[in-house]
Trainee: 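Submitted below is the structure of interest, expressed as structure tokens.
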Amino acid sequence: MSPRRRLAQAAIAIAVGAVLAAPLAARDAGARAPEPNTLVPAGTIHYAASALPDRIVATPLEDAARGFSVAWRTGAGVDAPWVEIALAGDSPDPGPVRRVRARTAPLTTENGPAHHHKALLDGLEPDTLYAWRVQGEGTWSPWRQMRTAPAPAQPMTLLYFGDTQNQNASLVSRVMLEAMRHAPDARLALFAGDLVSGGDGEDDNEWGEWFDAVAPVAATMTVAPAMGNHEYAEEFEDTPQERRVMGAHWPLTFALPGNGAPGAEAGTYWFDAQDVRFVVLDGTSALDLGTAQAQARWLDGVLADNPRRWTVAMVHQPMYSPRQDRDNALLREHVLPVLERHAVDLVLQGHDHVYGRRGGEQARPTPQYVVSVAGAKQYRLSAQARRDMAPVAEDTQLFQVLRIDGDRLAYEARTATGRLYDAFVLQRRGDAVALIEHTEGRIPQRDCPREATPKGRTDRCWE
Ligand SMILES: [Fe+2]
């Protein structure tokens with residue numbers, strides 16, 4: 001090619017680039033209208049329950065190697081339906097099938113009447129692939145394949161997600177798909193609360209979108225959710241009698257182990273999977289409903305009697321809040337000393353819509369306290385969080401992959417596009433644990449690039 005022709009082609013390329021780049025450059029927050037919380041147009045019924053089962057989700061039993069519980073939804077014509085479970089095989093013939101009957105409860109929402117069902121699949125073998133399906137009205141769900149947790153001393157991969165909460169269909173679904181690409185062998189997904197925003201008359205649409213978004217995860221592994229403040233509703237709002245009450249969806253949507261703290265049974269539980277004891281707390285009940293001490297006592301008992309090598313706690317509201325003007329003092333007063341005394345390895349949290357990680361006050365490697373966010377809503381970091389936490393992030397949707405293998409727990413936080421944001425290893429040597437930071441390959445700190453959200457709020461970064 002002649003130099004002149006090469007120059008001409010380069011000029012065309014620059015011109016085309018400028019044309020393509022112009023609309024992208026113009027896409028600043030000021031030019032962008034705020035997105036509604038769901039993609040369902042006003043006045044449209046998209047998530048009505050039907051004869052076909054939907055919102056199917058499995059949660060681990062207390063001993064996750066021995067089974068899981070299943071919850072799902074149908075139209076109101078279905079009562080006490082069956083679950084079928086068999087050893088998964090390569091033939092379309094499922095072979096001998098065990099049938100378990102579900103318990104049913106009704107719920108009427110903006111999408112009309114529905115029945116929610118729960119069934120317990122226990123007595124299973126560890127590290128075994130099962131096929132199962134749930135019944136609708138004259139129909140069945142597709143067969144799902146799910147592997148029970150491995151016995152101790154086997155490696156295990158799991159996922160952790162901070163708040164999904166907003167625009168689940170529009171912007172959370174990509175995070176779930178990216179997480180699956182990075183950890184196709186995951187057995188368990190932890191959700192740190194505020195799965196939906198709720199309280200807006202569109203709660204059921206939001207739950208419908210949450211299940212659509214997490215479909216690739218929920219179809220292949222068990223799900224362990226924490227309850228966030230948005231899983232509660234306000235009753236008698238703006239009156240002296242104002243109080244938090246549990247949202248109608250939570251107790252019907254998940255079939256949790258039911259071994260929780262007195263007075264906070266609906267949102268607290270523990271289970272063992274492979275070499276880990278997982279303990280889930282209800283921060284809202286602790287902070288607003290007076291159960292902080294009861295949960296701390298219960299946590300103390302669960303951790304005192306822990307034969308597993310690792311301990312992971314999950315609670316929606318953080319012990320150390322990375323957002324400006326937030327301080328969950330009751331949790332720090334009652335729950336934090338128990339986490340520290342038992343040297344919990346990881347405390348996985350949400351609520352503040354930023355990312356931040358830190359150790360405790362004692363400068364010990366554990367617990368590592370993490371706050372993360374998977375969804376669209378993004379807040380701003382406090383100056384203190386910028387001093388006390390590392391790494392930190394604003395304006396970033398994230399997911400986490402945890403790989404546990406014997407004495408090694410490897411943690412990775414990745415962005416919605418799969419880039420590495422944070423990584424470390426906890427290495428056990430006898431009774432001691434070493435924290436090994438992995439800084440190689442991490443992308444630089446991300447800070448909010450805009451002055452205000454599309455709605456003009458300067459205290460947030462995106463909504
Ligand atoms: Fe929250």
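Every number for a ligand or one of its atoms is a count from 1 in the order of the listing.
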Trainee: Kindly assign one of parallel, tilted or perpendicular to the pair Trp210 and Trp207, based on the angle between their ring planes and the thresholds 30° and 60°.
Mentor: perpendicular

Trainee: Starting from the C-alpha separation in whole Å, work towards a yes-or-no answer on salt bridge (charged side-chain N to carboxylate O under 4.0 Å, His left out) for Arg244 and Glu234.
Mentor: CA-CA 5 Å; Arg244 285 194 192 272; Glu234 298 283 354; 3.4 Å; yes

Trainee: For Arg55 and Asp204, what are the C-alpha separation, side-chain angles and deciding distance, and is it a salt bridge (charged side-chain N to carboxylate O under 4.0 Å, His left out)?
Mentor: CA-CA 11 Å; Arg55 304 192 187 180; Asp204 200 63; 2.9 Å; yes

Trainee: Once rounded to 10°, what is the value of the angle centred on the Fe ion (ligand 1) between Asn229 OD1 and His316 NE2?
Mentor: 90°

Trainee: Would you call the rings of His182 and Phe399 parallel, tilted or perpendicular if under 30° counts as parallel and over 60° as perpendicular?
Mentor: tilted

Trainee: Could you tell me which N, O or S atom of Asp194 is nearest to the Fe ion (ligand 1)?
Mentor: OD2

Trainee: Of all N, O or S atoms in His351, which has the smallest distance to the Fe ion (ligand 1)?
Mentor: ND1

